[in-house]
S.K.: 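Below: one structure in structure tokens.
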Amino acid sequence: MNVSSTAPGGVRIGILGVNFGWGPHAALETVISEIRRTAPGECQVVAFGSEYGRSLMRNVVDDWCDFDSSDYEDLTRAAAAKDLDVALVTLDGFAARAFEAAGVRTVFVDLMPFLWHGADLAVPPLEVSRYLALRLPGLSPQTLDWMRSIHNLQWIGAVVPWESPATTRHAHGYAEGNRKAIVTLGGMLGLATRDTTTYPSLVLPGTIEALIETGFESVLIAANTPQADLDALVAPYAGHMEFSFGPLARTEYRTRIAESALCLSQPGLMSLLEASSCGTPLIRLPPQNVSGFQQAEIHRMATGAHTGVKWPTDVVDEAVAVRKAAETEAAGNDYVYQAIADGLRRRSDTTRLSIRAQLEKTIPECLALPADIWTGLVAKVGADGAKTAAEAVLDTARTEWRSDGAAWPGP
């Protein structure tokens with residue numbers, strides 16, 4: 001058993017998010033913020049690895065611990081040395097097993113239960129202390145079938161920041177004069193790619209032209225693309241629109257979505273949920289990885305909004321991506337990444353024109369839809385994920401304290 005070095009009444013938490021985009025780390029930040037808001041005593045947080053999320057989580061982490069990411073036994077050794085009461089892991093099932101092997105009871109948050117099939121079914125940690133799965137619409141019978149093997153499964157809602165019930169969306173719509181848009185491209189880094197420039201280079205020109213054509217006057221581009229690359233991409237349009245750039249801190253990101261008349265998002269699940277929780281009209285940009293196709297469909301099903309932009313089939317063929325992803329997620333992603341790179345080299349102009357034409361039609365249609373449909377995704381999924389996950393972490397820590405014979409001051 002672990003004996004925490006935290007002051008009596010406190011809890012010492014190890015956290016780790018898989019290095020795939022920003023979503024896993026945004027979820028960790030949100031849950032830890034909720035724990036700090038509600039825990040009865042001091043909360044100390046040790047983050048392991050999670051390199052992609054360090055800018056997002058810097059305000060909630062007390063200590064960073066590196067380990068050899070190719071050796072999960074090294075993570076087990078590192079975790080055992082940190083006197084943890086509990087661990088919280090997003091999407092990395094092998095890391096969850098490594099914490100458990102160190103004697104640390106672990107809460108695993110599965111933001112994408114639809115993702116696991118074939119060889120990838122080796123990832124979900126079926127016997128982890130607590131397994132929290134996002135309550136998504138349209139999960140397949142195959143997904144629900146393998147999930148029956150999970151011990152200690154609990155369904156949760158969207159892991160979005162807590163807000164006072166008095167807090168409301170503070171944007172006014174396009175028709176009332178709001179000409180602000182946000183383009184959110186996500187973290188874009190993946191397990192096998194460090195490229196944050198190719199996707200924006202292919203997608204942004206047509207997107208910006210359509211926004212200008214439909215009367216928007218300013219746009220925030222939220223991405224981790226180098227500033228010099230973004231400056232070069234928007235330079236031809238500088239006289240027609242005001243530009244600003246991110247990455248943004250978590251609270252600012254949410255505020256800027258809420259202030260915008262329109263969000264155009266690469267369909268990362270956390271971005272879709274954030275926009276839905278703000279009630280901001282949303283257009284789904286072409287996906288930049290395999291999960292994006294599935295997440296775009298989840299958003300369409302939940303909202304009924306047919307506001308998606310598709311790749312030209314001679315750039316990214318969705319049927320090919322789905323077929324390759326049936327082998328493994330990595331195989332599907334390799335195809336999509338390579339297809340986008342080839343599209344930038346060989347079909348950048350036709351892609352620009354295709355995206356522009358689709359958006360010039362879709363933007364007015366999107367802005368004319370009833371306001372209440374945009375909260376449809378969070379309405380279907382629920383908004384209790386951060387609260388439920390925080391309670392699960394603290395309850396799991398209490399279990400550890402009880403097994404050690406120590407007193408826990410909480411209720």
Side-chain angles (χ1 to χ4, degrees), residues 160 167-186 199-200 202-223 225 230 233-234 237-238 240-248 252-288 292 295-296 298-300 302-311 352 354-379:
V160 292
T167 302
T168 58
R169 176 166 151 75
H170 51 280
H172 57 283
Y174 184 88
E176 289 75 38
N178 185 345
R179 298 294 187 264
K180 297 178 182 178
I182 180 170
V183 176
T184 176
L185 301 180
Y199 176 85
L202 191 57
V203 169
L204 281 179
T207 301
I208 292 168
E209 289 174 16
L211 286 169
I212 293 170
E213 183 64 25
T214 51
F216 281 86
E217 297 170 356
S218 68
V219 62
L220 166 64
I221 300 171
T225 303
L230 289 175
L233 282 171
V234 306
Y237 312 105
H240 304 279
M241 177 176 275
E242 179 183 341
F243 294 94
S244 56
F245 307 103
L248 304 173
E252 184 183 1
Y253 175 65
R254 185 176 175 83
T255 297
R256 296 298 290 271
I257 290 177
E259 289 176 346
S260 298
L262 177 66
C263 176
L264 302 98
S265 179
Q266 189 281 122
L269 188 58
M270 293 299 290
S271 295
L272 297 175
L273 288 166
E274 290 273 19
S276 182
S277 70
C278 293
T280 303
L282 184 136
I283 292 175
R284 303 178 296 271
L285 293 173
Q288 62 104 359
Q295 289 156 180
I298 288 168
H299 184 266
R300 186 200 64 76
T303 62
H306 296 270
T307 55
V309 177
K310 296 183 178 295
W311 289 112
R352 174 183 64 82
S354 174
I355 290 174
R356 174 176 173 166
Q358 290 180 73
L359 282 173
E360 285 180 0
K361 177 176 183 293
T362 303
I363 288 172
E365 294 174 352
C366 175
L367 295 172
L369 289 170
D372 60 356
I373 77 166
W374 301 114
T375 56
L377 180 58
V378 161

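When a residue number appears, it is its place in the shown sequence, counting from 1.
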S.K.: Look up atom CD in Glu259 and atom CG in Asn178, then write down how far apart they are to the nearest 0.5 Å.
M.R.: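 Reported value, rounded in 0.5 Å steps: 8.5 Å.
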S.K.: Partners of Thr184 by side-chain hydrogen bond (donor to acceptor under 3.5 Å, both in side chains), sequence neighbours excluded?
M.R.: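 Result, side-chain hydrogen bond (donor to acceptor under 3.5 Å, both in side chains) vs Thr184: Tyr253.
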S.K.: Is there a side-chain contact between Leu369 and Thr307, using heavy atoms and a 4.5 Å cut-off?
M.R.: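 A side-chain contact under 4.5 Å exists here.
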S.K.: I'd like to check the side-chain contact (heavy atoms from CB on, under 4.5 Å) partners of Thr375; sequence neighbours left out, ordered by chain and number.
M.R.: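 Not a single residue meets the side-chain contact (heavy atoms from CB on, under 4.5 Å) criterion with Thr375.
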S.K.: Roughly how far, to the nearest 0.5 Å, is the CG atom of Leu264 from the CG atom of Leu211?
M.R.: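 Nearest 0.5 Å value for the CG-CG distance: 5.5 Å.
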S.K.: Grab the two heavy atoms, one from Leu367 and one from Ala261, that are nearest each other, plus how far apart they are.
M.R.: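 Shortest heavy-atom contact: CD2-O, 3.7 Å.
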S.K.: Is the backbone of Pro287 close enough, under 3.5 Å, to the side chain of Trp311 for a donor and an acceptor to pair up by distance?
M.R.: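 Judged by distance alone, yes, a pair lies under 3.5 Å.
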S.K.: Which pair of non-hydrogen atoms, one from Ala305 and one from Ile373, has the smallest distance, and what is that distance?
M.R.: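 Result for this residue pair: CB-CD1, 3.9 Å.
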S.K.: For residues 276-286, pull every pair meeting salt bridge (Lys or Arg N to Asp or Glu O under 4.0 Å), keeping only residues two or more places apart or in separate chains.
M.R.: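 Non-adjacent pairs meeting salt bridge (Lys or Arg N to Asp or Glu O under 4.0 Å): zero.
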S.K.: Going by side-chain contact (heavy atoms from CB on, under 4.5 Å), name the residues that satisfy it together with Pro200, two or more places apart in sequence or in a different chain.
M.R.: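 With neighbours one apart ignored, the set is Leu185, Met188, Leu204, Thr225, Leu233.
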S.K.: Are Tyr237 and Val219 side-chain neighbours, meaning at least one heavy-atom pair lies under 4.5 Å?
M.R.: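 SC-SC contact between Tyr237 and Val219 ruled out.
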S.K.: side-chain contact (heavy atoms from CB on, under 4.5 Å) with Glu365: which residues, sequence neighbours excluded?
M.R.: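 Glu365 satisfies side-chain contact (heavy atoms from CB on, under 4.5 Å) with Lys361 only.
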S.K.: Quick one: list whatever passes ring-ring contact (aromatic ring centres under 6.0 Å, His included) with Phe216, sequence neighbours left out.
M.R.: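 Partners of Phe216 under the ring-ring contact (aromatic ring centres under 6.0 Å, His included) test: Tyr174.
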S.K.: Tell me the closest heavy-atom pair linking Pro267 and Gly292, and the distance in Å.
M.R.: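 Heavy atoms of Pro267 and Gly292 come nearest at CG-O, 3.5 Å.
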S.K.: Taking all non-hydrogen atoms of both residues, which atom of Pro286 and which atom of Gln266 are closest, and how far apart?
M.R.: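 Closest heavy-atom pair between Pro286 and Gln266: O-CG, 4.1 Å.
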S.K.: Who pairs with Ala379 by side-chain contact (heavy atoms from CB on, under 4.5 Å), at least two apart in sequence or on another chain?
M.R.: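 If we apply the side-chain contact (heavy atoms from CB on, under 4.5 Å) test to Ala379, skipping adjacent residues, there are no hits.
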S.K.: With the side chain counted from C-beta on, respond yes when Glu209 and Glu213 share a heavy-atom pair under 4.5 Å apart, and no when they do not.
M.R.: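 No, every pair of side-chain atoms sits at 4.5 Å or beyond.
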S.K.: Before giving the answer on side chain to side chain contact (heavy atoms under 4.5 Å, CB included), spell out for Ser277 and Arg254 the whole-Å C-alpha distance, their side-chain angles and the decisive distance to 0.1 Å.
M.R.: CA-CA 9 Å; Ser277 70; Arg254 185 176 175 83; 2.8 Å; yes
S.K.: Among residues at least two apart in sequence or on other chains, which ones pass salt bridge (Lys or Arg N to Asp or Glu O under 4.0 Å) with Glu217?
M.R.: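 Partners of Glu217 under the salt bridge (Lys or Arg N to Asp or Glu O under 4.0 Å) test: none.
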S.K.: Could you check if a side-chain atom of Phe243 sits within less than 4.5 angstrom of a side-chain atom of Leu230, using non-hydrogen atoms only?
M.R.: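 Side-chain contact under 4.5 Å: no.
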S.K.: Side chains of Ile208 and Val183, heavy atoms from C-beta outward: is any pair under 4.5 Å?
M.R.: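 No, their side chains stay 4.5 Å or more apart.
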S.K.: Side-chain contact, heavy-atom cut-off 4.5 Å: Glu274 with Cys263?
M.R.: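 The answer is no, as the side chains (C-beta and beyond) never meet within the 4.5 Å cut-off.
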S.K.: Got Ile221 and Val234 here, is their nearest side-chain heavy-atom distance under 4.5 Å?
M.R.: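 When only atoms from C-beta onward are counted, Val234 and Ile221 do touch, with a gap below 4.5 Å.
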S.K.: Could you note down all residue pairs passing salt bridge (Lys or Arg N to Asp or Glu O under 4.0 Å) where residues 172-183 supplies at least one of them, sequence neighbours left out?
M.R.: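 Output for this query is empty, none listed.
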S.K.: Output the distance between atom CD1 (Ile283) and atom CD1 (Ile363), rounded to the nearest 0.5 Å.
M.R.: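 That separation rounds to 5.0 Å.
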S.K.: Minimum heavy-atom separation for Ser276 to Gly376, with atom names?
M.R.: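 Nearest heavy atoms, Ser276 then Gly376: OG-N, 3.9 Å.
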S.K.: Could you tell me which residues satisfy side-chain hydrogen bond (donor to acceptor under 3.5 Å, both in side chains) with Glu360, sequence neighbours excluded, listed by chain and number?
M.R.: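 Applying side-chain hydrogen bond (donor to acceptor under 3.5 Å, both in side chains) to Glu360 gives Arg356.
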S.K.: For the OG atom of Ser265 and the CG atom of Leu272, what is their distance to the nearest 0.5 Å?
M.R.: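 The CG atom of Leu272 is 5.0 Å from OG of Ser265, to the nearest 0.5 Å.
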S.K.: Can you name the residues that form a salt bridge (Lys or Arg N to Asp or Glu O under 4.0 Å) with Arg300, not counting sequence neighbours?
M.R.: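 Arg300 satisfies salt bridge (Lys or Arg N to Asp or Glu O under 4.0 Å) with Glu297 only.
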S.K.: Spell out, as yes or no, whether a donor-acceptor pair under 3.5 Å connects the side chain of Thr280 to the backbone of Ile257.
M.R.: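 Yes, because the side chain of Thr280 sits within donor-acceptor range (under 3.5 Å) of the backbone of Ile257.
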S.K.: Supply the atom-to-atom distance Leu248 CG to Arg256 CZ, rounded to the nearest 0.5 angstrom.
M.R.: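 Those atoms lie 6.5 Å apart.
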S.K.: What residues, two or more places apart in sequence or in another chain, satisfy side-chain hydrogen bond (donor to acceptor under 3.5 Å, both in side chains) together with Gln358?
M.R.: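 Counting only residues at least two positions away or on another chain, Gln358 forms a side-chain hydrogen bond (donor to acceptor under 3.5 Å, both in side chains) with Ser354.
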S.K.: CD1/Ile355 to CG/Leu285 distance, rounded to the nearest 0.5 angstrom?
M.R.: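 One finds 7.5 Å between CD1 of Ile355 and CG of Leu285.
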S.K.: State, yes or no, whether a side-chain contact exists between Cys366 and Leu262 at a heavy-atom distance under 4.5 Å.
M.R.: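 Cys366 reaches Leu262 side chain to side chain.
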